[in-house]
Amino acid sequence: MFGSKIDLLKTEWLDVVFANKNKKYGAYELRRASSAITARALLIASAAFVLLFITPKILSVIKGKLPEDNEVKQVEVVVAPPPPVNPETPPPPPVEPPPPKQDQIKFPPPIVKPDAEVIDKEPVQIEDLKKADPGQKTIEGDPTADIVIAGPVGDGPKQAAVVEDTKVYDFVSIETQPGFPGGMDKFYAYLKKAVRYPAMAQENNIQGKVFLSFVVEKNGDLTDIKVERKLGGGTDEEAIRVLKNSPKWTPGIQNGKPVRVKYNIPISFTLSN
C-alpha cells in the first residue's frame with residue numbers, strides 16, 4: 001500500500017491522514033468528493049466550450065434552410081396627362097400623293113406634211129442683219145412719230161451704304177489673332193504687378209485658376225468680360241477688375257479689317273510661402 005509510488009487521490013491515503021480524527025469534519029468530505037467534483041466540472045466546461053464553438057455553424061445552417069422574405073416594393077408612377085387639344089388650331093393638311101407619271105417620248109416621230117402646206121423661205125442675208133435692230137420681240141416702228149429725248153431720271157448715283165461688321169469671331173478662325181502689346185509675356189507681367197490677392201482668399205488658403213472670356217473690340221478694348229469657371233474668395237472679382245483696367249490690345253484682323261474676337265484666358269492665384 002505504501003510503496004514508492006503513492007497516489008494521493010485514492011481514498012486509502014485519506015483514511016491514513018484522517019485516522020483517529022473526526023471524519024465528519026468538512027475537509028474529509030471535500031477531499032473525498034474532490035475527484036468527482038473535478039471530473040464533473042471538467043465535463044461541464046468541455047461541453048460548454050464545444051457548444052459555444054459549434055453554435056454559430058448550427059445557426060448558419062438553420063438560416064440557410066429558412067426561406068428568405070422577398071419584399072416587393074411598389075413605386076407609384078404618376079403619368080402627366082396629355083396637353084389639351086385647342087379646337088382653334090387647324091389640323092395639319094393631308095399629305096398629297098405625288099402626281100402620276102406621264103408618258104414621255106425621247107425622239108418623237110417626224111410629222112410629214114403635204115407639199116402645198118410647206119412654205120419655202122429665203123434665209124436672212126447679212127446686209128439685212130446690219131440694218132435690223134434685234135430685240136426680244138418684233139415691234140413695228142412709226143417713221144412719222146416725233147423724236148423725244150428723255151432727260152435724266154432720279155437723283156443721280158448714290159453711294160452704297162456701309163454695313164458695319166459686328167460679328168464676334170472665334171480666336172482660332174481668323175487670319176491675324178489679337179494680342180497684348182509686346183506679347184503674352186508682357187501681359188502676364190502686367191497681371192503679376194496689378195493683381196492684389198483678396199484677403200478672404202488668403203485667410204482660407206484659396207489657390208488655383210480663374211478661367212475668363214472676353215471680347216477684344218476693333219479698337220483694342222476688352223468688353224463682355226465673363227467668369228467661365230469660378231474659384232471663389234474674391235478672386236473672381238479681382239480677375240475681372242484686372243482685365244477691365246488692362247491696356248488696349250492689338251485687335252484681330254480678318255480680310256484686312258479689324259474685327260471683334262472672343263478670347264479665353266486663365267488667371268492664376270498662388271500664395272507664396
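In what follows, every heavy atom counts, from backbone to side chain, and hydrogens, waters and symmetry copies are set aside.
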Do [X] and [Y] have side chains that approach each other closer than 4.5 Å (heavy atoms only, starting at C-beta)?
X: Gln202; Y: Leu271; value: yes
X: Asn264; Y: Lys262; value: yes
X: Glu217; Y: Val215; value: yes
X: Lys218; Y: Arg260; value: yes
X: Ile225; Y: Lys244; value: yes
X: Lys167; Y: Val259; value: no
X: Leu243; Y: Arg241; value: no
X: Ile174; Y: Pro178; value: yes

Can you measure from [atom1] ([X]) to [atom2] ([Y]) and round to the nearest 0.5 angstrom?
X: Ile240; Y: Asn245; atom1: CD1; atom2: CG; answer: 12.0 Å
X: Leu212; Y: Tyr263; atom1: CG; atom2: OH; answer: 12.5 Å
X: Thr38; Y: Leu43; atom1: OG1; atom2: CG; answer: 12.5 Å
X: Ile265; Y: Ser213; atom1: CD1; atom2: OG; answer: 11.5 Å
X: Lys230; Y: Glu237; atom1: NZ; atom2: CD; answer: 8.0 Å

Would you find a donor on one side and an acceptor on the other, under 3.5 Å apart, between the side chain of [X] and the backbone of [Y]?
X: Asp236; Y: Leu231; result: yes
X: Glu238; Y: Pro198; result: no
X: Asn219; Y: Asp221; result: yes
X: Gln177; Y: Gly252; result: no

Is there a path of hydrophobic side-chain contacts, each under 4.5 Å between heavy atoms of I, L, V, M, F, W or Y residues, that connects [X] with [Y]?
X: Ile44; Y: Phe49; result: no
X: Ile58; Y: Leu52; result: no
X: Phe53; Y: Ile62; result: yes
X: Val242; Y: Phe211; result: no
X: Ile206; Y: Val227; result: yes

Count the heavy atoms belonging to other residues, nucleotides or ligands that lie under 6.0 Å from CG of Asp185, then report whether that count exceeds 12.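 Incorrect, the count does not exceed 12.
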Can you classify the ring geometry of Trp249 versus Phe187 as parallel (below 30°), tilted (30 to 60°) or perpendicular (above 60°)?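 Trp249 and Phe187: perpendicular rings.
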Of all the heavy-atom pairs spanning [X] and [Y], show the shortest one and how long it is.
X: Ser246; Y: Phe180; result: OG-CE1, 3.8 Å
X: Pro251; Y: Val216; result: CA-CG1, 4.2 Å
X: Phe269; Y: Thr235; result: CZ-O, 3.5 Å

Ring-face cation contact, Tyr188 with Lys186, 6.0 Å cut, 45° max: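 No cation-pi geometry.
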Stepwise, does the side chain to side chain contact (heavy atoms under 4.5 Å, CB included) test hold for Gln254 with Tyr169? CA-CA 9 Å; Gln254 183 72 10; Tyr169 290 82; 4.2 Å; yes
Between the side chains of Thr270 and Gln207, is a donor N or O closer than 3.5 angstrom to an acceptor N or O?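 Their side chains do not contain a donor-acceptor pair, so the 3.5 Å distance test is not met.
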